[in-house]
*Asks:* 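Okay, handing you the structure first.
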Amino acid sequence: MLNIGIRAHDLGKMTVENLSEKIGEYGFSHIQLALKKSLINLNDDSGRLSPGMGNYIRDCFYSKKINISVLGCYINPVHPVPAEREKSLTRFAEHLIFARSFGCSVVGTETGSPLPDSSFTDEIYKEKTFQDFIASLKR
């Protein structure tokens with residue numbers, strides 16, 4: 001049996017019930033679920049995730065034979081404003097804590113950009129950016 005996955009947000013942003021139904025209709029058995037990008041009426045800011053939320057979302061997908069293989073948490077781990085970087089890292093840490101409630105053990109993110117809007121710049125290749133990334137990773 002071949003298992004094929006999709007980024008859930010490629011199908012649009014909707015309720016978990018509608019999204020699981022739509023993905024099930026396409027026959028995908030695995031997804032990367034970036035909560036903010038995939039689900040309406042969902043706030044995954046720090047302090048909002050819970051085991052109950054994860055279990056409910058996991059069960060909606062499981063009922064359609066869909067596994068959440070990756071919990072997406074797109075942050076900028078090298079944001080130039082320390083307070084913004086810390087806010088993002090806290091959010092990412094919560095995703096790590098609650099990933100198992102969603103039925104997965106992997107949390108994905110970006111490598112980031114030293115620009116506030118996360119856009120591309122040659123600065124991503126600089127030693128300082130790399131060291132900032134390592135510091136965030138250690139955190």
Side-chain angles (χ1 to χ4, degrees):
M1 177 175 189
L2 183 63
N3 292 310
I4 298 178
I6 186 173
R7 294 184 316 178
H9 60 275
D10 286 342
L11 298 180
K13 192 171 186 175
M14 56 192 80
T15 66
V16 66
E17 297 84 4
N18 290 341
L19 185 60
S20 60
E21 182 74 31
K22 190 170 190 177
I23 292 170
E25 288 172 4
Y26 284 110
F28 293 107
S29 56
H30 293 269
I31 59 169
Q32 174 181 321
L33 182 64
L35 298 170
K36 274 190 175 178
K37 291 184 169 195
S38 303
L39 302 176
I40 60 172
N41 303 322
L42 184 122
N43 183 345
D44 74 341
D45 289 339
S46 297
R48 300 288 185 157
L49 298 184
S50 70
M53 175 194 293
N55 290 337
Y56 178 78
I57 291 171
R58 177 202 63 213
D59 290 349
C60 283
F61 286 105
Y62 276 4
S63 74
K64 305 298 181 193
K65 297 181 174 46
I66 301 164
N67 293 294
I68 302 171
S69 299
V70 177
L71 187 61
C73 181
Y74 294 106
I75 65 163
N76 183 355
V78 294
H79 196 288
V81 178
E84 287 299 314
R85 184 183 310 172
E86 181 57 32
K87 181 178 167 186
S88 292
L89 292 173
T90 298
R91 189 170 145 257
F92 186 77
E94 288 183 359
H95 277 68
L96 289 172
I97 290 166
F98 293 109
R100 294 241 184 240
S101 298
F102 288 87
C104 65
S105 59
V106 175
V107 178
T109 191
E110 302 290 346
T111 53
S113 166
L115 297 178
D117 66 356
S118 296
S119 60
F120 178 78
T121 174
D122 285 336
E123 295 296 309
I124 64 169
Y125 303 113
K126 303 283 177 151
E127 182 66 21
K128 180 186 181 326
T129 304
F130 178 70
Q131 292 306 320
D132 287 345
F133 178 76
I134 295 300
S136 290
L137 189 61
K138 284 181 181 179
R139 159 120 167 21

*Asks:* Without swapping roles, check the side chain of E123 against the backbone of S113 for a donor-acceptor pair under 3.5 Å.
*Replies:* no
*Asks:* Would V107 end up clustered with Y74 when hydrophobic side chains under 4.5 Å apart are linked, directly or stepwise?
*Replies:* no
*Asks:* Answer yes if M53 and F61 sit in the same cluster of Ile, Leu, Val, Met, Phe, Trp and Tyr residues linked by side chain heavy atoms under 4.5 Å apart, and no otherwise.
*Replies:* yes
*Asks:* Can you give me the closest heavy-atom contact between M14 and L11, atom names plus distance?
*Replies:* CE-O, 3.3 Å
*Asks:* Which distance, rounded to the nearest 0.5 Å, do you find between the NZ of K22 and the OG1 of T15?
*Replies:* 11.0 Å
*Asks:* Does L39 share a hydrophobic cluster with Y56, counting links as ILVMFWY side-chain heavy atoms below 4.5 Å and allowing steps through other members?
*Replies:* yes
*Asks:* Taking atom CZ of F28 and atom CG of N3, what is their separation to the nearest 0.5 Å?
*Replies:* 12.0 Å
*Asks:* Under 4.5 Å between side-chain heavy atoms, counting indirect links through other Ile/Leu/Val/Met/Phe/Trp/Tyr residues: same cluster for V16 and L49 or not?
*Replies:* yes
*Asks:* Quick one: salt bridge (charged side-chain N to carboxylate O under 4.0 Å, His left out) pairs with a partner in residues 60-82, sequence neighbours left out?
*Replies:* E21-K64
*Asks:* Shortest non-hydrogen contact from T129 to P114?
*Replies:* OG1-CG, 3.8 Å
*Asks:* Quick one: does L35's side chain get under 4.5 Å of I57's, heavy atoms only?
*Replies:* yes
*Asks:* Report yes if some heavy atom in the side chain of I124 is under 4.5 Å from a heavy atom in the side chain of T111; otherwise report no.
*Replies:* no
*Asks:* OG/S50 to CD/E94 distance, rounded to the nearest 0.5 angstrom?
*Replies:* 10.5 Å
*Asks:* If I compare all heavy atoms of P51 with all of F98, which pair ends up nearest, and what's the gap?
*Replies:* CD-CE2, 3.3 Å
*Asks:* How many angstroms lie between atom CD1 of I31 and atom CG of N67, to the nearest 0.5 angstrom?
*Replies:* 9.0 Å
*Asks:* Considering all heavy atoms of both residues, which atom of C73 and which atom of T109 are nearest to each other, and what is their separation?
*Replies:* O-OG1, 2.9 Å
*Asks:* Hey, is the main chain of H79 close enough, under 3.5 Å, to the side chain of R85 for a donor-acceptor pair?
*Replies:* yes
*Asks:* What residues form a salt bridge (Lys or Arg N to Asp or Glu O under 4.0 Å) with E86, not counting sequence neighbours?
*Replies:* R139
*Asks:* Nearest heavy-atom pair of I23 and A8: which atoms, and what distance?
*Replies:* CD1-CB, 3.9 Å
*Asks:* Hey, what else clusters with F130 if you join Ile, Leu, Val, Met, Phe, Trp, Tyr whenever side-chain heavy atoms sit under 4.5 Å?
*Replies:* V78, F133, I134, L137
*Asks:* Applying salt bridge (Lys or Arg N to Asp or Glu O under 4.0 Å), name anything that partners K36, two or more places apart in sequence or on another chain.
*Replies:* D44, D45
*Asks:* Nearest 0.5 Å, please: how far is OG in S105 from CD1 in I68?
*Replies:* 12.0 Å
*Asks:* For S69, check side-chain hydrogen bond (donor to acceptor under 3.5 Å, both in side chains) against everything at least two apart and list the hits.
*Replies:* H30
*Asks:* Using side-chain hydrogen bond (donor to acceptor under 3.5 Å, both in side chains) as the criterion, list what pairs up with N41, not counting sequence neighbours.
*Replies:* none
*Asks:* Would a 4.5 Å heavy-atom cut-off, applied to side chains only, mark S88 and P77 as touching?
*Replies:* no
*Asks:* Do you know the tightest heavy-atom contact between N76 and G112?
*Replies:* OD1-CA, 3.2 Å
*Asks:* Is it the case that more than 12 heavy atoms not belonging to F120 sit under 6.0 Å from its CZ atom?
*Replies:* yes
*Asks:* Just verifying a value: how many Å separate I66 CD1 and R58 CZ, rounded to the nearest 0.5 Å?
*Replies:* 14.0 Å
*Asks:* Is F92 reachable from V81 through a run of I, L, V, M, F, W or Y residues, each pair having side-chain heavy atoms under 4.5 Å apart?
*Replies:* no
